[in-house]
Amino acid sequence: QVQLVESGGGLVQPGGSLGLSCAASGSIFSINAMSWYRQAPGKERELVAAITSGGSTNYADPVKGRFTISRDNAKNTVYLQMNSLKPEDTAVYYCRSEGYYSARHLPYNSWGRGTQVTVTS
């Protein structure tokens, strides 16, 4: 299977910046989309940003212009640069990856355990 490990969360003041990273490991054959989701207390998990293997991106409206998703295919890693953070960005951020693993090219859809981002003064 494929494991995802996120890092980079923390506490930041409004208007500040944070960078998240997520590394995929395992018997990876190929990775298609990699994405970031978030879940705030009492709310459903929502898509924040996604990026395809070719580099096409899409963003949720609340983060457009403030967040940037990128990936390093050689390192099987996806990044999320978050600028101009707001208190409403406070949530647990989860990484998700889809693709194929093993020599048998089996499909996978894996999630990381999440990393807390707290925006407060």
Side-chain angles (χ1 to χ4, degrees):
Q1 277 285 4
V2 176
Q3 296 79 40
L4 303 179
V5 178
E6 302 108 333
S7 60
L11 180 68
V12 65
Q13 292 185 341
S17 298
L18 274 179
L20 305 181
S21 63
C22 171
S25 63
S27 301
I28 298 170
F29 175 74
S30 65
I31 298 177
N32 297 334
M34 300 189 81
S35 51
W36 289 96
Y37 286 72
R38 68 185 181 186
Q39 187 167 19
K43 295 187 177 181
E44 294 187 353
R45 191 172 299 187
E46 61 178 4
L47 175 68
V48 175
I51 185 167
T52 67
S53 58
S56 297
T57 59
N58 70 283
Y59 297 90
D61 286 343
V63 307
K64 284 181 180 177
R66 300 188 297 121
F67 290 12
T68 302
I69 189 171
S70 61
R71 64 189 280 175
D72 185 332
N73 290 331
K75 296 181 178 180
N76 293 332
T77 299
V78 63
Y79 306 94
L80 185 69
Q81 179 62 38
M82 304 181 292
N83 299 328
S84 302
L85 282 161
K86 304 175 181 180
E88 51 263 44
D89 294 319
T90 295
V92 177
Y93 284 70
Y94 297 90
C95 174
R96 180 185 182 188
S97 175
E98 301 170 86
Y100 297 89
Y101 74 101
S102 90
R104 297 167 57 193
H105 301 184
L106 301 173
Y108 77 89
N109 182 357
S110 296
W111 290 83
R113 292 187 175 185
T115 184
Q116 178 70 45
V117 172
T118 302
V119 185
T120 181
S121 54

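Computed from a prediction, not measured in an experiment: that's the story for all the values here.
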(request) Would you please indicate if the ring centroids of H105 and Y100 are separated by under 6.0 Å? (result) no
(request) Search all heavy atoms of S70 against all heavy atoms of V78 and return the closest pair with its distance. (result) O-CG2, 3.2 Å
(message) Please report the interatomic distance CH2(W36) to CE(M82), rounded to the nearest 0.5 Å.
(response) 8.0 Å
(message) So if I apply the ring-ring contact (aromatic ring centres under 6.0 Å, His included) rule between Y37 and each of Y94, W111, Y93, which one comes out positive?
(response) W111
(message) If the test is side-chain contact (heavy atoms from CB on, under 4.5 Å), which one of L18, L85, L11 qualifies with T118?
(response) L11
(message) When you compare the side chain of L80 with that of T68, does any pair of heavy atoms fall below 4.5 Å?
(response) no
(message) Tell me whether R71 contacts the main-chain N or O of T52 through its side chain, where contact means a donor paired with an acceptor under 3.5 Å.
(response) yes
(request) Decide whether V92 and V63 are clustered together by the hydrophobic rule: side chain heavy atoms of Ile, Leu, Val, Met, Phe, Trp, Tyr closer than 4.5 Å, transitively. (result) no
(request) Examine the side chains of S17 and N83 and answer whether a donor and an acceptor come within less than 3.5 Å of each other. (result) yes
(message) Quick check: is I31 connected to L106 through a chain of hydrophobic side chains (ILVMFWY, heavy atoms under 4.5 Å apart)?
(response) yes
(message) Hydrogens and angles aside, do S27 and S102 bring a side-chain donor and acceptor to less than 3.5 Å of each other?
(response) no
(request) Treat each ILVMFWY residue as a node, draw an edge where side-chain heavy atoms are under 4.5 Å apart, and state whether L20 and Y59 are in one component. (result) yes
(request) For S110, check side chain to side chain contact (heavy atoms under 4.5 Å, CB included) against everything at least two apart and list the hits. (result) Q1, V2, L4, Y108
(message) With a 3.5 Å distance limit and no angle check, can you tell me whether S53 reaches the backbone of N32 through a side-chain donor-acceptor pair?
(response) no
(request) Only counting residues at least two apart or in another chain, list the ones meeting side chain to side chain donor-acceptor pair (under 3.5 Å) with K64. (result) D61
(request) Looking only at non-hydrogen atoms, find the nearest pair between G114 and E6 and report the distance. (result) N-OE1, 2.8 Å
(request) Using the rule that two of Ile, Leu, Val, Met, Phe, Trp, Tyr join whenever any of their side-chain heavy atoms come within less than 4.5 Å, decide whether Y79 and M34 are in one cluster. (result) no
(request) Could you check if a side-chain atom of N58 sits within less than 4.5 angstrom of a side-chain atom of L47, using non-hydrogen atoms only? (result) yes
(request) Could you tell me the separation between the SG atom of C22 and the CD1 atom of I69, rounded to the nearest 0.5 Å? (result) 9.5 Å
(message) For K86 versus V119, what's the shortest heavy-atom pair and its separation?
(response) O-CB, 3.3 Å
(message) Quiz question: by atom type and distance under 3.5 Å, do the side chains of T90 and E88 form a donor-acceptor pair?
(response) no
(request) Just jot down the salt bridge (Lys or Arg N to Asp or Glu O under 4.0 Å) partners of R66, sequence neighbours excluded, or say none. (result) D89
(request) Output the distance between atom CZ (R38) and atom CD (E46), rounded to the nearest 0.5 Å. (result) 4.5 Å
(request) Can you measure from CD (Q81) to OG (S21) and round to the nearest 0.5 angstrom? (result) 11.0 Å
(message) Could you tell me if the side chain of S35 sits less than 4.5 Å from the side chain of C95, heavy atoms only?
(response) no
